[in-house]
Amino acid sequence: MNPIQWFPGHMAKAKREIKENIKLVDLVIELKDARIPFSSTNPMVGEIVGNKPRLILLNKSSLADPKITKEWMEYYKSLNILSLDIDSINGYNIKNVVPYARLALKEVFEKRESKGIKSKQIKALIIGIPNVGKSTLINTLAKRKAVQVGDRPGVTKSQTWIKITEDLFLLDTPGILWPKFEDQTVGLKLAMCGSIKDEILDMEYITDESVRYLSIHYPNLLKERYNITEISSDPIVILEEIGKKRGCMLKGGIIDLDRVRTIIMNELRSMKIGAMSYEKPEGRS
């Protein structure tokens, strides 16, 4: 498989604009995919945001393994970083985003008060990789369609200020990936979660590796969803079994593996197979 790389021109522009506007905000809200908190972290974020107070939101938590999400929360706590697991689609924990933003700025507010400034206004920059759910989160917080939403990466193309409450303003930014994934497993996980456009990927490879991962870490979910009694170590064998169960057949009794792969990826991303996570915080520095 060719290395997964994707850095459209609008992303390079977004990086420049974010660095220019960072001085305008009090807080950086970093949105991550709860299934892949490490892989959905842009390594350029630290360079871009500097020492600004930060709040990490683990979005799409309903799609992730709750036990592993708790491990990630403990991990961030050990780093003295405030984090919150949310789901911008079903509204889980959304009501706590603003209070957590205020908590992240506790020291900033105290400094303001010591100078006689009573303002509790928050200007926050929200940042994250493509398709992590920024636009949906903003609309949910604002309780209106403040920004365009799409189920594909690359919908937000410009930076926009959005009024959430009388005291909270968010600067939305386009999702930005990084020019090259040094660790190809990161690219694979991003692809599994739909954070990279499928059109530029080898979806046969992505699907087969996804099935391989599930067979190792979540075999029971595969068995339950596709009524399989035994899980092979070979993803092709698993795909063939699913093809038989789903009636994905071509003339001559040949299994339509392309159709099976499409079914698998659609059901994997829509949680029809079940809630799962693709990485743990173990060994992260």
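In this chain, residues are counted from 1 in sequence order.
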Minimum heavy-atom separation for [X] and [Y], please, with both atom names.
X	Y	answer
S39	L190	O-CD2, 3.5 Å
I255	L250	O-CD1, 4.5 Å
C193	D33	CB-OD2, 3.8 Å
A275	A64	CB-O, 3.4 Å
M265	S210	SD-OG, 3.9 Å
S40	K32	OG-CB, 3.5 Å

Identified side chain to side chain donor-acceptor pair (under 3.5 Å) partner of Y226 from the options E267, E241, R246, K245
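Exactly one candidate clears the test, E267.
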
Below 4.0 angstrom, N of the basic side chain to O of the carboxylate: do [X] and [Y] qualify?
X	Y	result
D172	K134	yes
E110	R112	no
K189	E209	no

Keeping the roles fixed (side chain from T165, backbone from D167), state whether a donor-acceptor pair exists under 3.5 Å.
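Checking the backbone N and O of D167 against the side chain of T165, a donor-acceptor pair under 3.5 Å is found.
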
State whether the side chain of S78 and the backbone N or O of Y75 hold a donor-acceptor pair below 3.5 Å, judged by distance alone.
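Side chain of S78 to backbone of Y75: a pair is present.
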
For [X], does the [atom1] atom sit with more than 12 other heavy atoms under 6.0 Å from it, leaving out its own atoms?
X	atom1	value
K223	NZ	yes
K123	NZ	no
K23	NZ	yes

Go through it in stages, so that I can follow the logic: the residues are V28 and I22, the test is side-chain contact (heavy atoms from CB on, under 4.5 Å), and I'd like the CA-CA distance, side-chain angles, deciding distance and then a yes or no.
CA-CA 9 Å; V28 174; I22 195 69; 3.8 Å; yes

Donor-acceptor contacts under 3.5 Å from residues 94-108 side chains, at least two apart:
| unit_1 | atom_1 | unit_2 | atom_2 | d |
| --- | --- | --- | --- | --- |
| N96 | ND2 | N93 | OD1 | 2.7 |
| R102 | NH1 | K120 | O | 3.0 |

Rounded distance [0.5 Å steps], [atom1] in [X] versus [atom2] in [Y]:
X	Y	atom1	atom2	result
Y92	N59	OH	CG	12.0 Å
I264	R259	CD1	CZ	12.5 Å
M73	L82	CE	CG	8.5 Å
K70	D65	NZ	CG	10.5 Å
I81	L79	CD1	CG	5.0 Å
M271	L63	CE	CG	6.0 Å

As a test of understanding, state which of I122, I56, L170, L171 forms a side chain to side chain contact (heavy atoms under 4.5 Å, CB included) with I29.
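Going through I122, I56, L170, L171 one by one, the side chain to side chain contact (heavy atoms under 4.5 Å, CB included) with I29 is satisfied by L170 alone.
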
Are [X] and [Y] linked, directly or through other ILVMFWY residues, by side chains that come within less than 4.5 angstrom of each other?
X	Y	result
I89	L84	no
I117	F109	no
L222	I263	no

Do [X] and [Y] come close enough that some side-chain heavy atom pair is under 4.5 Å?
X	Y	answer
M276	L268	yes
I216	I231	no
Y205	L188	yes
S61	I86	no
F169	V25	no
Y76	L58	yes
L55	E30	no
L27	R54	no

Who passes salt bridge (charged side-chain N to carboxylate O under 4.0 Å, His left out) against D208, sequence neighbours left out?
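Counting only residues at least two positions away or on another chain, D208 forms a salt bridge (charged side-chain N to carboxylate O under 4.0 Å, His left out) with R261.
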
Please test K77 against S83 for side chain to side chain donor-acceptor pair (under 3.5 Å), starting from the C-alpha separation and ending with a verdict.
CA-CA 7 Å; K77 184 178 180 180; S83 65; over 6 Å; no

Could you list the donor-acceptor pairs under 3.5 angstrom formed by side chains in residues 232-239, with sequence neighbours left out?
| unit_1 | atom_1 | unit_2 | atom_2 | d |
| --- | --- | --- | --- | --- |
| S232 | OG | D234 | N | 3.0 |
| D234 | OD1 | I236 | N | 3.0 |

D85 versus T69, side-chain donor and acceptor atoms under 3.5 Å:
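Side-chain D/A pair, T69 to D85: absent.
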
Distance-only donor-acceptor check, side chains D87 and S62, under 3.5 Å
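Checked: D87/S62 side chains pair up, N/O donor to acceptor below 3.5 Å.
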
For the residue pair Y213 and Y218, does the interplanar ring angle fall in the parallel (under 30°), tilted (30 to 60°) or perpendicular (over 60°) class?
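Tilted, since the angle between the ring planes falls between 30° and 60°.
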
